[in-house]
Amino acid sequence: MLLSTEDRLFRARTVLARTGAAPDDLLPASIAESWTRCLAAGLDPDNPPPLQTVGETTLREARQRRDLLRRLALCEMDNLYHQIAGTNFMIAFAAADGMLLDTITDPSFSDTAAATSIRPGTLWTETNCGTNALGTVAQTGKAIMVHGAEHFFARHGSLTCMAAPVFDAEGALAGVLDASSDCRSRQTHTRALVSMAATQIENGLFRECHRTDVLIALHSRAEYLHTLSAGLLALDPGGMILAANSQARALLHGLPTTRGRRLEELFSSRFEDLLTASRNNETLRLQDRVGSVFAARLENVRVIRPVAMPAQPPPPKPGFVADDPAVAAAVSRVEAAARRKLPILLRGETGTGKEQLARHAHQASGRRGAFVPVNCAALPESLAEAEMFGHSEGAFTGARRQGAAGLVLEADGGTLFLDEIGEMKLPLQAMMLRLLDDWTVRPVGGGKQRRADVLLLSATNVDLTDAIAAGRFRADLFYRLNTVEVTLPPLRERDDFAAIARHLLHSIAPDWQIDDAAIAALRHQAWTGNIRELHSTLTRLTLGGPPNRIDAEAVGGSVAVAHEPTVAHPLREMLHERIRAVHHQTMGNISETARRLSVSRNTVYRALSKLS
C-alpha cells in the first residue's frame, strides 16, 4: 500500500526519535541530507538550542556592507509581498551566512508565535536552527521548500518555508530570499514566485556590476530574450569574458564561460563581427562550438564602439534620471515587459514619476500607436463606460452626433495608461475585466464591435490589497493588471538626488546652476510630494535675477516657506525614534510597525535607514 506524504513523514520522525538516524527512504533527498547534517552537527531534535541573535550595531554594519543587494532585495520583496499578500505569509531576506536582514509580514501572520522568532538580526543557520528553508539554502546554495514536520526541530513544524539562493555577479552566494507561512497555506506557486524574485535580484546585481561592460543576452528562443530565463554574458572591450550569470552557464553547459576566456572559444562568430552586426539593434544568431544555436542581443555596445564608426541609433533612454539601482532595475523590468506587451502595474507615492516611466515603457515597446493617459479618478461615473469604450450616435443625452471611438480604441496599436487605478469605480472595473478577456470593444448604444491591440499600463499610489479587503477593488482585476509590477521609491530614499535636481533645473532654466551646498540643503527635506514637489521648489528658486545660481542661502529661504506645513526637523527625529522603538518592540516586523503607527512601510524604511 502506498503511504501518503503525511504518513511517510510521521514514520520518518518516529525513526528519527527511536534511532537517531534520518531515513532516506521516507524523506525527499534534500530533507534527508539536511537531517543527516543536523545529526552530524550534534543537534538533538527534541532539544533545540536558543535562537542566536546579533546586536543592532552588528546588524547595521551587515546591512551597510550589502547596501546595493538590500536595495534590490527590498524592491523585489515589496513586489512579492503584493503578489501573495493576504495569504498569511512573511517575506524575509538573509545574508549568505544566514543572518536575517529584512522582513515584510502579512498582518494575518504577524501575530503568530513563529513570526516573533523570524526577525532581523536572528541567525537561521542549519547548524543552529536545524532543517529550515533559509538556513538549508545558505548551506547548499539550492532552492528548497520545507513543509511542516520536515523541519528538524518540532518547534518549527507549524511552518511551510520556501527559499531560493541569490548569487552575485561572480557566482558566489550573496543572500537568500524566503517566504514562510503556516503549514496550512502550502502553495507551490509561491515557490516559483520566490525563485523568480531571486533571479530578478541576481540580474540586477549582474547588470549593476557590469553597467559599463558589453552584455550579451542569449536564449534558444528569441521571444525569451527579455525574460528571466535569458543568459547574460559580460565582456570587456576586447571580447574577453568577465562573467556569466547562472542562466548563461546552464545554456552553455560544458563550454568555457569562466573569466578570462575569449568569446570565440564559445561561439563561431568573431566579437568584432557581433559589434558591427549589432548596430541596428536587431536580434542576432549565435552558434556555439558544439552546434547549438541561440538568439542574442548586445547591450551597452555604445560604451566601447570607436568614435569613428557610424553612429548606431541608440536604444530609447528614459526622459528622467534613473541612476538609483532600484529605479534602474525598475526601468529595465518595465522595458522588457513592454516589449512583450505584458500588463504592467506601477506603484509609488504621488510625484515619484509613474507617468514618466509609463511613457518610457511606451517608447521602449516600439509601438507605433498613441500613448493615451486616463485619469481614473476624474472619469465621471455616469459617462465612464462611454468615455472608455466609445458610443454610437444618440446613445445618451449629450452624446456626440457622430458618436465616439472611446479611449481604448484611441490607444489601438499603442499604449493605454490607467492612472489612479485605485479610484476606478466598481462598475467600470467589471467592464475592464470583460475587456481584458478578449480585447473586444463594445460601444455604448450598439454599433460595430472592434478588437483593440493595446499595451496596458496602470498606476496607483494606494494599497490595492487594502482596497480589495475593503471591497473597493476587484481582486480578479488586480491579478490581471499586475502581471509585472514595479515600485518606484520616494525621492527621499533615492541615491541619485543630486542628478535629479540638476536634471530638473536644466529643464526649468537651462542657464542656471546649483552648487553642492544647495543640493545638500535640499536633500534633507521631507519631499512628501517627491519629484513633483522638488520641481516646484526649483522653479521658485529660479524666479530671481542674476547671477543665475542657486546656493545654500537661497535654498534656506525658499524651503523654509515651502515646508512650513510639514513636520520640523526635530519632530521628524522624534517620529523616527518612535518608529525605531516600535520596530524593536515588534522584533523587526516592518508591516506591524507601520500598522501600529499608521504610517507607510516606506516611512519605516526611511527611519531605519537613518541608523546607517
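None of the values given here were measured: they were computed from a predicted structure. Nothing fancy with the numbering, it's 1 onward along the sequence.
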Go through Leu235 and Ile241 one step at a time and tell me if the side-chain contact (heavy atoms from CB on, under 4.5 Å) criterion holds.
-> CA-CA 5 Å; Leu235 306 167; Ile241 295 173; 3.7 Å; yes
Dump the intermediate steps for side-chain contact (heavy atoms from CB on, under 4.5 Å) on Asp168 and Phe206, then the final yes or no.
-> CA-CA 7 Å; Asp168 65 18; Phe206 193 95; over 6 Å; no
What residue pairs, at least two apart or across chains, pass salt bridge (Lys or Arg N to Asp or Glu O under 4.0 Å) with a residue in residues 88-101?
-> none
Calculate, to the nearest 0.5 Å, the distance between atoms CG and CG belonging to Leu504 and Leu534 respectively.
-> 5.0 Å
Measure the OG-CG distance between Ser458 and Leu477 for me, rounded to the nearest 0.5 Å.
-> 8.0 Å
Going through the distances and angles, do Phe497 and Leu491 end up as a side-chain contact (heavy atoms from CB on, under 4.5 Å)?
-> CA-CA 7 Å; Phe497 182 91; Leu491 177 61; 3.7 Å; yes
Charged N to carboxylate O under 4.0 angstrom, Arg340 versus Glu223?
-> no
Go through the structure and list residues passing side chain to side chain donor-acceptor pair (under 3.5 Å) with Thr103, not counting sequence neighbours.
-> none
Donor-acceptor pair, Lys354 side chain versus Leu488 backbone, under 3.5 Å?
-> no
Summary of salt bridge (Lys or Arg N to Asp or Glu O under 4.0 Å) pairs that have at least one residue in residues 515-525, sequence neighbours excluded | Arg502-Asp516
Partners meeting ring pair (Phe, Tyr, Trp, His ring centres under 6.0 Å) with His219 (sequence neighbours left out) = Tyr224
Mind checking the SG-CE spacing from Cys161 to Met145? Nearest 0.5 Å is all I need.
-> 10.5 Å
List in chain and number order the residues that pass ring pair (Phe, Tyr, Trp, His ring centres under 6.0 Å) with His226, two or more places apart in sequence or in another chain; answer none if no residue qualifies.
-> none
Sorted by chain and number, sequence neighbours left out, ring pair (Phe, Tyr, Trp, His ring centres under 6.0 Å) with Phe417 holds for Phe371
Is the backbone N or O of Leu72 less than 3.5 Å from a side-chain atom of Glu76, with the two atoms forming a donor-acceptor pair by type?
-> no
Spell out, as yes or no, whether a donor-acceptor pair under 3.5 Å connects the side chain of His362 to the backbone of Ala358.
-> no
Listed by chain and number, what are the side chain to side chain contact (heavy atoms under 4.5 Å, CB included) partners of Asn203, not counting sequence neighbours?
-> Thr199, Leu228, Leu232, Asn245, Gln247
Expected output: side-chain Ser332 to main-chain Ala329 donor-acceptor under 3.5 Å | no
For Glu485, enumerate each residue passing the side chain to side chain contact (heavy atoms under 4.5 Å, CB included) test, keeping only those at least two apart in sequence or located in another chain.
-> Asn79, His82, Leu345, Arg347, Phe478, Asn482
Apply side-chain contact (heavy atoms from CB on, under 4.5 Å) to Leu123 and Thr53, showing your working.
-> CA-CA 6 Å; Leu123 298 175; Thr53 305; over 6 Å; no
Within the distance-only criterion (no hydrogens, no angle test), does the side chain of Trp527 pair as donor or acceptor with the backbone N or O of Pro490 below 3.5 angstrom?
-> no
Test: Glu355 and Arg359 ion pair at under 4.0 Å | yes
Would you say Asp496's side chain and Asp323's backbone share a donor-acceptor pair under 3.5 angstrom?
-> yes
Just how far is it from atom CE of Met90 to atom OG1 of Thr105, taken to the nearest 0.5 Å?
-> 3.0 Å
Enter the distance from Ile91:CD1 to Met162:CE here, rounded to the nearest 0.5 Å.
-> 8.5 Å
Above 12 or not: heavy atoms from other molecules or residues under 6.0 Å from NZ of Lys341?
-> yes
What residues form a side chain to side chain contact (heavy atoms under 4.5 Å, CB included) with Gln139, not counting sequence neighbours?
-> Arg37, Glu126
Would you check if the side chain of Arg63 reaches a backbone N or O of Leu101 as a donor-acceptor pair within less than 3.5 Å?
-> yes
Find the distance between CZ (Arg333) and CG (Leu357) and round it off to the nearest 0.5 Å.
-> 12.0 Å
Residues at least two apart in sequence or cross-chain that pass ring pair (Phe, Tyr, Trp, His ring centres under 6.0 Å) with Phe473, listed by chain then number, are none
Looking only at atom types and distance, does a side-chain atom of Lys142 sit under 3.5 Å from a main-chain N or O of Pro165, one as donor and one as acceptor?
-> no
How would you list, by chain and number, every residue that makes a side chain to side chain donor-acceptor pair (under 3.5 Å) with His156, sequence neighbours excluded?
-> none
Do Asn530 and Thr528 have side-chain atoms, one donor and one acceptor, less than 3.5 Å apart?
-> no
Among all residues two or more places apart in sequence or in another chain, which pass the side chain to side chain contact (heavy atoms under 4.5 Å, CB included) test with Val462?
-> Glu423, Thr460, Leu464
